[in-house]
Amino acid sequence: MTALPALSFAAFDETERLIGSLQCWPVALDFQTPLVLVGPVAVVPDLQRGGVGRIMMTRMIEAAESTRADPLVLIGDPEYYGRFFGFEAHWTKDWSVPGPVERRRLLARVPEGLTLPATGHLGPRLHNPGL
Ligand SMILES: CC(C)(COP(=O)(O)OP(=O)(O)OC[C@H]1O[C@@H](n2cnc3c(N)ncnc32)[C@H](O)[C@@H]1OP(=O)(O)O)[C@@H](O)C(=O)NCCC(=O)NCCS
């Protein structure tokens, strides 16, 4: 599986040091409902809580919206991904996933007017859309 280049970002400081990265991956619910798995999202420890994560997430969401990408899913703190970016756990509460997960941290962001299946298994996608 390869990351989706149009939805994956790296952040550099003025000295060209890599200070953050965000990758997105093609996944699906029951092989057929395409989703974009967001993560890892990481900012170097000395610059955390300085806005880098928000910039990368905002760019990714803008790119996802402008290309009408599939709904986004991630495992992360709802206090961050819900508060700033509209991710919610209610979409995923009855999904099964390949490993242990804290249910409150399995989040999805669904474009307005769309919905997601209430149940299904989160796993690989049969076809990479080539984004
Ligand atoms: C989580 C992470 C990506 C956020 O990026 P960041 O650049 O540090 O954070 P931002 O500057 O975008 O956001 C800062 C705001 O979010 C809040 N915030 C940041 N991380 C948070 C978290 N895990 N839970 C709740 N709030 C959080 C801060 O309190 C701050 O709020 P404020 O503006 O009211 O002070 C980054 O801290 C990180 O790499 N953490 C370690 C790895 C990780 O946990 N990755 C996520 C799982 S894939």
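Remember, predicted model here, so these are calculated numbers, not experimental data. Whatever order the structure lists them in is the order used to number ligands and atoms, beginning at 1. For the numbers below, each heavy atom of this structure counts, side chains included, while hydrogens, waters and symmetry mates do not.
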Note the single closest protein heavy atom to [atom], along with its residue, its atom name and the distance in Å.
| atom | value |
| --- | --- |
| atom 17 (C) of ligand 1 | Y80 CD1, 3.9 Å |
| atom 6 (P) of ligand 1 | R49 N, 3.4 Å |
| atom 40 (N) of ligand 1 | Q48 NE2, 3.5 Å |

Discussion item. Could you check whether F87 and Y80 have their ring centres less than 6.0 Å apart?
Written reply: no
Enumerate the atoms of ligand 1 whose separation from the nearest heavy atom of [X] is less than 4.0 angstrom.
| X | result |
| --- | --- |
| G50 | 11 (O) |
| V41 | 3 (C), 39 (O), 42 (C), 43 (C), 45 (N), 46 (C), 48 (S) |
| A42 | 39 (O) |
| D77 | 22 (C), 23 (N), 24 (N) |

Discussion item. On a heavy-atom basis, I'd like to know which of Y81, F84, F85 is closest to atom 16 (O) of ligand 1.
Written reply: F84
Item to complete: Pick whichever of V43, I75, T58 has a heavy atom sitting closest to atom 39 (O) of ligand 1.
Response: V43
Worksheet item: If we only count N/O pairs under 3.5 Å, is E79 in contact with ligand 1?
Response: no
Worksheet item: Got a sec, which residues hit salt bridge (Lys or Arg N to Asp or Glu O under 4.0 Å) with E88, two or more places apart in sequence or on another chain?
Response: none
Worksheet item: Salt bridge or not for D46 and R17, using N-O below 4.0 Å?
Response: yes
Worksheet item: Charged N to carboxylate O under 4.0 angstrom, D70 versus R125?
Response: yes
Worksheet item: Which atom pair, heavy atoms only, marks the closest approach of V27 to G123?
Response: CB-O, 3.3 Å
Discussion item. Run the side-chain hydrogen bond (donor to acceptor under 3.5 Å, both in side chains) test against R105 and tell me which residues pass, sequence neighbours left out.
Written reply: D77
Fill in: Region of M57 engaging ligand 1 - heavy atom pairs below 4.0 Å
neither
